[in-house]
Enquirer: 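Take this structure, written in structure tokens, and hold onto it; I'll ask about it next.
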Amino acid sequence: MPATVHVRELAADDLVDAWELGRFAFGSDPQRPSQATAAVPGLTRYGAFDATGRLVGKAVDLHHDQWWSGRAVPAADVAGVAVAPEARGRGVARGMLTALLRGARERGAAVSALYPTVAAPYRACGWEAAGVLRAVDLTTAVLPRLRPDPRLTVRAGTPADLPAVAALYERVTRHRNGALTRRGELFDFFAADGALPGDALTLVEDGGDLVGYASWERGRGYGADSVLTVDEALATTADAARELVGVLGSWASVAPTLRLYPLDGDAVSTHLPLEAAREHKRDLWMHRPVDVVRAVAERGWPAYARGSVDFTLSDELADWNTGCWRLSVADGVGELTRTGGEADLRLDVRGFALLYAGAARARSVAEAGLLHAAGADPDALDLLGAGGPAQLLDYF
């Protein structure tokens with residue numbers, strides 16, 4: 001970072017300038033929303049200032065938690081990174097991200113995710129591509145239409161149903177990897193108005209218990225270009241999933257296209273004709289550890305995973321992660337302890353991110369130049385990725 005740039009947390013007086021910087025960077029609506037300059041719990045805003053005191057960069061640390069095999073892992077999810085055009089290419093973003101990682105570690109974060117507009121600057125800072133948030137389009141008429149199940153009740157949701165919806169979301173996602181918990185001050189702040197997600201909510205109940213839901217946005221018109229956007233459709237039983245898919249299929253006459261964000265291998269996806277899906281949008285997301293000791297200790301590990309492996313890790317931005325480590329996993333618990341000397345397996349922090357998120361096997365990480373085995377068997381580091389690939393459902 002240039003010596004003339006100073007990074008600190010933004011104060012209330014800085015927020016208008018920060019919003020303007022983001023508006024120019026992302027081409028946002030010039031009408032400033034009230035929350036842009038309001039105090040928001042559950043996030044930390046960082047700014048970079050030049051020698052004259054002018055704001056030339058900003059970044060936000062979102063205090064999320066992510067599910068990893070049944071346990072909530074504290075995260076520093078990064079959003080709103082913007083640098084003034086006159087200051088680009090001068091290390092401003094790197095300086096802000098270094099400060100953000102240090103501050104996130106101090107508040108207890110273990111991992112970090114972000115959606116990049118371009119990957120290269122984040123790779124240079126230790127994040128690596130770990131997955132995509134996909135939106136796909138289906139012709140609504142091809143959805144299977146089954147006779148409604150008389151054992152199930154289908155009804156419109158109300159704000160009073162939101163706690164049950166949140167509980168079902170948690171039941172589906174908590175034993176996966178990467179999904180946000182949707183708990184904490186930040187989510188509570190934005191949920192305080194009690195509004196439904198999207199335009200409406202459809203619920204499926206079995207004996208009064210919620211077993212499936214879909215939140216959706218109707219869009220405009222009813223012609224050939226009309227689209228029904230399903231922000232989320234989750235179910236905990238096959239019967240509920242079939243019922244939801246049938247309800248969505250009923251829109252065929254007025255919304256010929258169904259747009260949705262599938263959760264890989266869940267109950268609803270297994271009842272969709274995904275072979276007929278057309279990809280509408282892909283949002284790449286990237287991951288990295290904030291604190292490798294916490295990242296290993298805080299997450300859940302599959303019961304079948306057992307073993308230990310020594311490796312040396314390098315992390316330029318977060319030097320507390322650099323060193324020689326022993327990973328030990330047993331009985332659903334992992335531990336990372338420092339060891340002396342050097343290990344044969346030498347891992348870059350980007351390789352750690354790929355393995356931790358289950359995005360690549362160790363041999364692939366070695367082929368990418370992010371793991372050097374020095375004659376050792378790289379497969380031993382597959383232990384770090386036990387539990388399957390991570391998937392995000394929230395854009396931030």
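Both backbone and side-chain heavy atoms feed into the values below; hydrogens, waters and symmetry mates do not. Not measured: the values here are computed from a predicted model.
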Enquirer: Heavy-atom count around Glu217 CD within 6.0 Å, excluding the residue itself: above 12?
Expert: yes

Enquirer: Mind checking the CZ-CZ spacing from Arg182 to Phe190? Nearest 0.5 Å is all I need.
Expert: 14.5 Å

Enquirer: Before giving the answer on side-chain contact (heavy atoms from CB on, under 4.5 Å), spell out for Phe352 and Leu354 the whole-Å C-alpha distance, their side-chain angles and the decisive distance to 0.1 Å.
Expert: CA-CA 6 Å; Phe352 185 103; Leu354 284 171; over 6 Å; no

Enquirer: Could you give me the CA-CA distance, side-chain angles and deciding distance for Arg151 and Asp239, then say whether side-chain contact (heavy atoms from CB on, under 4.5 Å) is met?
Expert: CA-CA 9 Å; Arg151 298 169 301 171; Asp239 291 338; 3.0 Å; yes

Enquirer: Around atom CZ of Arg294, are there more than 12 heavy atoms of other residues, nucleotides or ligands at under 6.0 Å?
Expert: yes

Enquirer: Could you give all pairs that pass the salt bridge (charged side-chain N to carboxylate O under 4.0 Å, His left out) test and reach residues 327-341, with sequence neighbours left out?
Expert: Arg306-Asp331

Enquirer: Whether the side chain of Asp17 engages the backbone of Asp14 through a donor-acceptor N/O pair (distance < 3.5 Å, no angle test) should be reported.
Expert: no

Enquirer: Taking Ala380's backbone N and O only, do any of them form a donor-acceptor pair with Asp377's side chain (distance below 3.5 Å, no angle check)?
Expert: no

Enquirer: Between the main-chain N or O of Ala360 and the side-chain N or O of Ser364, is there a donor-acceptor pair closer than 3.5 Å?
Expert: no

Enquirer: Filter on ring pair (Phe, Tyr, Trp, His ring centres under 6.0 Å), then keep only pairs touching residues 162-189, sequence neighbours left out; what's left?
Expert: His64-Phe187

Enquirer: Counting only heavy atoms not in Arg171, do more than 12 fall under 6.0 Å of its CZ?
Expert: no

Enquirer: Quick check: does any side chain N or O of Thr257 sit under 3.5 Å from a backbone N or O of Thr139, one acting as donor and the other as acceptor?
Expert: no

Enquirer: On the six-membered ring of Trp127, is Arg123 placed so that its NZ or CZ lies under 6.0 angstrom from the centre and within 45° of the ring axis?
Expert: no

Enquirer: Over 60° means perpendicular and under 30° means parallel, so tell me whether Tyr115 and Tyr395 are parallel, tilted or perpendicular.
Expert: tilted

Enquirer: Under the ring-ring contact (aromatic ring centres under 6.0 Å, His included) criterion, do Trp68 and Tyr356 qualify, and how do the steps go?
Expert: CA-CA 10 Å; Trp68 290 87; Tyr356 186 93; 4.8 Å; yes

Enquirer: Ignoring hydrogens and angles, tell me if any N or O in the side chain of Asp315 forms a donor-acceptor pair with the backbone of Asp319 under 3.5 Å.
Expert: no

Enquirer: Checking the side chain of Arg90 only, and the main-chain atoms of Glu86 only, is there a donor and an acceptor separated by less than 3.5 Å?
Expert: yes

Enquirer: Would the number of heavy atoms belonging to other residues, nucleotides or ligands and lying under 6.0 Å from CZ of Arg326 be above 12?
Expert: no

Enquirer: Quick one: are Leu168 and Leu234 in side-chain contact, heavy atoms under 4.5 Å?
Expert: yes

Enquirer: Considering only NZ, NE, NH1 and NH2 on the basic side and carboxylate oxygens on the acidic side, decide whether Arg45 and Glu9 come within less than 4.0 Å.
Expert: no

Enquirer: Around Tyr261, counting heavy atoms of other residues, nucleotides and ligands shown, do more than 12 lie under 6.0 Å from its OH?
Expert: no

Enquirer: For Asn177 and Gly387, indicate whether the former's side chain and the latter's backbone hold a donor-acceptor pair under 3.5 Å.
Expert: yes

Enquirer: Determine whether Val40 and Leu186 satisfy the following criterion, side-chain contact (heavy atoms from CB on, under 4.5 Å), listing intermediate values before the conclusion.
Expert: CA-CA 7 Å; Val40 177; Leu186 185 58; 3.7 Å; yes

Enquirer: Would you say Arg218 and Ser226 are linked by a side-chain donor-acceptor pair, where the criterion is simply a distance under 3.5 Å?
Expert: yes

Enquirer: I'd like to know if the side chain of Asp50 reaches the main chain of Gly53, judged simply by a donor and an acceptor atom lying under 3.5 Å from each other, with no hydrogens or angles considered.
Expert: yes

Enquirer: Do His271 and Pro144 have side-chain heavy atoms sitting under 4.5 Å apart?
Expert: no

Enquirer: With sequence neighbours left out, write down each residue that passes side chain to side chain contact (heavy atoms under 4.5 Å, CB included) with Val230, or none if nothing qualifies.
Expert: Ala214, Trp216, Leu228, Ala233, Leu248, Leu258, Leu260

Enquirer: Apply side-chain contact (heavy atoms from CB on, under 4.5 Å) to Asp65 and Val73, showing your working.
Expert: CA-CA 5 Å; Asp65 288 335; Val73 177; over 6 Å; no

Enquirer: Between Val154 and Asp149, is there a side-chain heavy-atom distance shorter than 4.5 Å?
Expert: no

Enquirer: Between Thr270 and Ala267 (side chain of the first, backbone of the second, donor and acceptor by atom type, cut-off under 3.5 Å), is there such a pair?
Expert: yes

Enquirer: Once rounded to the nearest 0.5 Å, what's the spacing between atom CG of Asp61 and atom CG of Asp77?
Expert: 8.0 Å

Enquirer: Side chain to side chain contact (heavy atoms under 4.5 Å, CB included) with Arg288: which of Leu317, Leu114, Val111?
Expert: Leu317

Enquirer: Decide if atom CZ of Arg278 counts as having more than 12 heavy atoms of other residues, nucleotides or ligands within a radius under 6.0 Å.
Expert: yes

Enquirer: Show the nearest heavy-atom pair for residues Leu392 and Ala113, with the distance to one decimal.
Expert: CD1-CB, 4.4 Å

Enquirer: Output yes when a side-chain donor or acceptor of Arg145 lies under 3.5 Å from a complementary backbone atom of Val247, and no otherwise.
Expert: no

